[in-house]
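Order of the sequence lines fixes the chain letters, A, B, ..., with proteins taken first and strands second; residue numbering starts at 1 for each chain.
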There are 2 protein chains.
Amino acid sequence: MNDDKSTRGSVRTITDLARLAGVSPGTVSRALAGKSLVNTKTREKIEELAREHGFRPNQMASGLRRQKTGVIGVVIPLGHDTRQQISDSFFMTLLGFLADELTRQGYDLMLRRVVPESDADWLDRFIGSGMIDGVIVIGQSDQFDRIEDVADGYGPMVVWGNHTEGQRHCVVGTDNRLGGRMAAERLIAAGAKRLAFLGDTTAIEFAARFAGARDVAQKMGLAPIIALPTHLSPERASEEIAGHLAATDGRIDGIFAATDTLAALCLTALRERGVAVPDDIKLVGFDDLPIAQQTVPPLTTVRQDIAAGARGLVDLLLRRLAGEQTESLVLPPQLVVRQTA
Amino acid sequence: MNDDKSTRGSVRTITDLARLAGVSPGTVSRALAGKSLVNTKTREKIEELAREHGFRPNQMASGLRRQKTGVIGVVIPLGHDTRQQISDSFFMTLLGFLADELTRQGYDLMLRRVVPESDADWLDRFIGSGMIDGVIVIGQSDQFDRIEDVADGYGPMVVWGNHTEGQRHCVVGTDNRLGGRMAAERLIAAGAKRLAFLGDTTAIEFAARFAGARDVAQKMGLAPIIALPTHLSPERASEEIAGHLAATDGRIDGIFAATDTLAALCLTALRERGVAVPDDIKLVGFDDLPIAQQTVPPLTTVRQDIAAGARGLVDLLLRRLAGEQTESLVLPPQLVVRQTA
DNA sequence: GTGTAATTTGCAAACGTTTGCAATTTTCCT
DNA sequence: AGGAAAATTGCAAACGTTTGCAAATTACAC
């Protein structure tokens, strides 16, 4: 314990350790890397010394030499709706699972938030930095084209987001269109006839959810769904929702919110207006975040399996790192019926 | 545009670029680093070429040579309550602000979750990896002593957590004890006399909140506050809370929840039991997360300024990186009165 | 035009690992 | 004991940048 502290810091490099052990740096390197070509005796001595002096090989040097870093980049483009997202429960939960999963696979995670508008070069820069072996992009935001461009020349990239027919980058995500259909079907089954969609349809995932709902409305011969564009950041959203509700007063009886977060805010706004849910207006959310269980009344929503998503992202990325070509992974959403529709 | 693509990848190193520009690698390095000692003419040529070929210097090599990486490690020890935390809104929000703040200062963020029980060496390993210039520890969990040990020998570390008299590591955090006092005072002012504390007091921050509340109860001559140990993960918490409520039925009229998340769950549980809030039982939370505004009724809580916390963490860390000694930073909590107490 | 100072450049040695190759030692077989 | 094969080791050259120092160039003053 004591000499641990006194000697700590004196052995900084593999060469120091080699001198101590009376062998060459190469041997130390091999011993610490667990290669089979070093004698068990010497390996044990080296490991013992390493432990005693708290030695750890420098990852930068190792990365440089081996041309791989053991780090996966995770980048969150803050596109259309700058301020939001990272505080968004959904992305954060996904990030948490990603961290777990990458750790399990022996990778570290380098997190970067970027604002594409002010930094057109965000993706190339990250990739070209030499710091990461591969990259996971969380959310396509409004950067679909740029991601497509990069995908042509760079293999180890997987994106969380929406799958579009014929796209070239590998994506993992929920079938948003199907989810949208489920939501609309539920609203209609619950008795709603005049539907509205709450959310920003410039985000591609949300657009797909909207499209799914529209499919159903059209097939059922209902009036077109009214789009109520709304930002995701709680401050702006509250106001906007209040405005929408005032503007559409009496003209709608079912709301499909792009997100549970929006749905929860909507619920609050409806209560303030004295609108009964689900009696006067039915409401369906998306994601099935923890908050969905805690609203009053509990929220009917479309569930995304976040853990499965994270596993899928990492799994596909590792396969791509190994040189494999991989297809995109589209996960099935699941309707969770609670009490708002 | 076209030749951009065709040439991309041919220029991988500073030496390649030097050859193209007809200068030495050293000059290219200086030019790209924006040093003053290179001729404006040649600098421009080099920058132009670099842009044209999408060249970016390898960060690993640079880091190795300069002995600094431009990366700050952020580590979340999952101590007492393994599964939780990263999905915890509070930590996630803090992480988001940290990412912003570090980016603003030109640093990248390397995220690591560790389970100290199964990996006693978690902190030394991260620090010794050579991958990071400094480290921010989010939450002391039950690792106070280990952090203290490390602090003696390693400067660039700042910790989010609770400040204890005489501790040796630099910490940023809310004055939990004061926050606890505020909560208890509010409960009492609202008419409560028999208080309970909801949360796991083995977590040091929570213990301090509890202690603050106890101070007040004692000073006011009330009965001792009943501790209701509760895990943070929503699944377990719900059950446990239900159990606590059943067990203390009629014996308490004020609850101080260690966290807004717990408070929200508690509110749901109370409603299920048909207990009126705040009429039968008053409730105060902690954090002032977005959810506090959305519960029914909206939650009275003690606010932590998360953004200020993140700024403080980064600011202190940078000062320490510059060699400065820094004191800990204790932020004042703020009572936010809504409708549960 | 010469000498000196100020600017720019190039050279080459680091930074700490890993790894192909060759040299050495050990093992095993006859 | 002798020899070949197998197991260990050491050597030295990378990986791609940065930077102190010296060399070369330019600018300036007389």
With A:Glu47 via side-chain contact (heavy atoms from CB on, under 4.5 Å) - residues at least two apart
A:Arg43, A:Arg51

Do B:Gln140 and B:Trp160 pair up side chain to side chain, a donor and an acceptor below 3.5 Å, judged on atom types alone?
no

How many whole angstroms separate atom CG of A:Asn58 from atom P of D:dT17?
17 Å

Based on the rotation axes of five pairs at each end, what angle does the helix from C:dG1-D:dC30 to C:dT30-D:dA1 bend through, to 10°?
30°

Between D:dG16 atom P and A:Met131 atom CE, what is the distance in whole Å?
16 Å

Base versus backbone protein contacts along nucleotides 5-15 of chain D [heavy-atom cut-off under 4.0 Å; B, S, -]:
---SBBB-BBB

Whole angstrom is fine here: how far is it from CZ in B:Arg12 over to P in D:dT17?
10 Å

Under the salt bridge (Lys or Arg N to Asp or Glu O under 4.0 Å) test, residues paired with B:Arg112 that sit two or more places apart
A:Asp108

Rounded to whole angstrom units, what separation is found between the NZ atom of B:Lys45 and the P atom of C:dT8?
15 Å

Grab the CZ-C1' distance between B:Arg56 and D:dT18 for me, whole Å please.
20 Å

Does any N or O in the side chain of B:Gln167 come within less than 3.5 Å of the main-chain N or O of B:Glu148, such that one atom is a donor and the other an acceptor?
no

Output all residues satisfying side-chain contact (heavy atoms from CB on, under 4.5 Å) with B:Pro156, sequence neighbours left out; order by chain, then residue number.
B:Tyr154, B:Leu317, B:Leu321

Base, sugar-phosphate or nothing for A:Lys35? Non-hydrogen atoms, less than 4.0 Å.
sugar-phosphate

Round to a whole Å and report the spacing from CE of B:Met60 to P of D:dT17.
13 Å

Which residues pass the ring-ring contact (aromatic ring centres under 6.0 Å, His included) test with A:Phe126, not counting sequence neighbours?
none

Go through the structure and list residues passing side-chain contact (heavy atoms from CB on, under 4.5 Å) with B:Asp16, not counting sequence neighbours.
B:Val11, B:Arg12, B:Thr13, B:Arg19

Atom CZ of A:Arg19 and atom C1' of C:dG16: how far apart are they, to the nearest Å?
13 Å

Indicate whether OP1 or OP2 belonging to C:dT17 is found under 4.0 Å from a side-chain N or O atom of A:Ser29.
no

side-chain contact (heavy atoms from CB on, under 4.5 Å) with A:Thr69: which residues, sequence neighbours excluded?
A:Val71, A:Asp133, B:Met60

Summary of side chain to side chain donor-acceptor pair (under 3.5 Å) pairs that have at least one residue in residues 22-33 of chain A, sequence neighbours excluded:
A:Ser24-A:Thr27

